[in-house]
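Report on the structure given below.
The first residue in the sequence is number 1, and the count goes up from there.
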Amino acid sequence: MEVVRAFHAAPFWEDTVLLAWVLMPDHWHGLVQLGDRQDLASTVRRFKIITSRSCNAQQNRNGAVWQACYHDHALRRDEDILDTARYIVMNPVRAGLVSKIGNYPFWDAVWL
């Protein structure tokens, strides 16, 4: 749960806004709106460092938590941001982890 709390730490995101996210058993999906001061690579790097420290401290261990690489997708002008957020948070349902998203504890969206 410390990792999830780290997602919401204000200094963590600087001028980037975390719009929606879901933590799956082996990966994380996030919808972020980048600010003017940070690019995506810096934001992801900071995300991985802070959440890795939190996770390792919580589990009293050291080591990698995330893979070195990541996949990104910039929304096109014709893509609806709410549809994209819904798609992201519905990953646990599509993966068969729960029958409805309300039963899955590791997700959030700013529209709630």
Side-chain angles (χ1 to χ4, degrees):
M1 292 308 289
E2 290 300 318
V3 173
V4 172
R5 279 192 264 282
F7 292 162
H8 294 286
F12 175 78
W13 293 103
E14 294 187 7
D15 67 335
T16 297
V17 179
L18 179 59
L19 299 173
W21 62 269
V22 63
L23 180 63
M24 299 294 285
D26 62 349
H27 63 281
W28 179 81
H29 293 275
L31 178 61
V32 298
Q33 181 178 3
L34 294 174
D36 295 329
R37 294 187 309 240
Q38 294 291 324
D39 60 12
L40 184 61
S42 299
T43 300
V44 171
R45 184 172 38 259
R46 193 171 54 252
F47 169 85
K48 288 180 176 185
I49 289 169
I50 292 172
T51 56
S52 293
R53 285 181 187 155
S54 178
C55 184
N56 282 331
Q58 182 180 8
Q59 296 180 8
N60 196 27
R61 65 183 284 271
N62 287 312
V65 173
W66 304 105
Q67 292 179 343
C69 59
Y70 64 92
H71 174 76
D72 66 343
H73 170 78
L75 292 183
R76 294 182 306 268
R77 204 172 290 278
D78 64 336
E79 289 180 283
D80 185 87
I81 196 165
L82 287 175
D83 286 344
T84 302
R86 286 185 195 105
Y87 180 83
I88 287 171
V89 300
M90 289 300 288
N91 269 282
V93 175
R94 284 192 304 280
L97 299 175
V98 291
S99 59
K100 62 181 183 175
I101 193 59
N103 293 338
Y104 194 75
F106 305 115
W107 70 277
D108 199 6
V110 297
W111 295 278
L112 298 177

If you measure from [atom1] on [X] to [atom2] on [Y], what distance do you get to the nearest 0.5 Å?
| X | Y | atom1 | atom2 | answer |
| --- | --- | --- | --- | --- |
| Gln38 | Leu40 | CD | CG | 10.5 Å |
| Leu23 | Tyr104 | CG | OH | 5.5 Å |
| Trp66 | Asp26 | CH2 | CG | 9.5 Å |

>> Hydrophobic clustering (ILVMFWY, side-chain heavy atoms < 4.5 Å, transitive) - are Leu34 and Ile49 grouped together?
In response: no
>> For residues Leu75 and Leu18: do they belong to one hydrophobic cluster (side chain heavy atoms under 4.5 Å, members Ile, Leu, Val, Met, Phe, Trp, Tyr)?
In response: yes
May I ask you to check whether over 12 heavy atoms, not counting those of [X], lie within 6.0 Å of atom [atom1]?
| X | atom1 | value |
| --- | --- | --- |
| Asp36 | CG | no |
| Asp78 | CG | yes |
| Glu79 | CD | yes |

>> As a test of understanding, state which of Ile88, Asp108, Val89 forms a side-chain contact (heavy atoms from CB on, under 4.5 Å) with Trp21.
In response: Asp108
Quick one: does any side-chain atom of [X] pair with a main-chain N or O of [Y] as donor and acceptor, under 3.5 Å?
| X | Y | answer |
| --- | --- | --- |
| Asn103 | Val98 | no |
| Lys48 | Ala68 | yes |
| Trp111 | Leu82 | no |
| Arg94 | Tyr87 | yes |

Restricting to non-hydrogen atoms, name the atom on [X] and the atom on [Y] that form the minimum distance, rounded to 0.1 Å.
| X | Y | value |
| --- | --- | --- |
| Thr16 | Gly35 | OG1-N, 3.7 Å |
| Arg37 | Asp15 | N-OD2, 2.8 Å |
| Met24 | Leu97 | CE-CD1, 3.8 Å |
| Gly63 | Asn56 | O-ND2, 2.9 Å |
| Phe47 | Thr51 | O-OG1, 2.6 Å |
| Leu19 | Gln33 | CD1-CB, 4.0 Å |

> Can you check side-chain hydrogen bond (donor to acceptor under 3.5 Å, both in side chains) on His27 and His29, steps first, answer last?
Replying inline: CA-CA 7 Å; His27 63 281; His29 293 275; 2.9 Å; yes
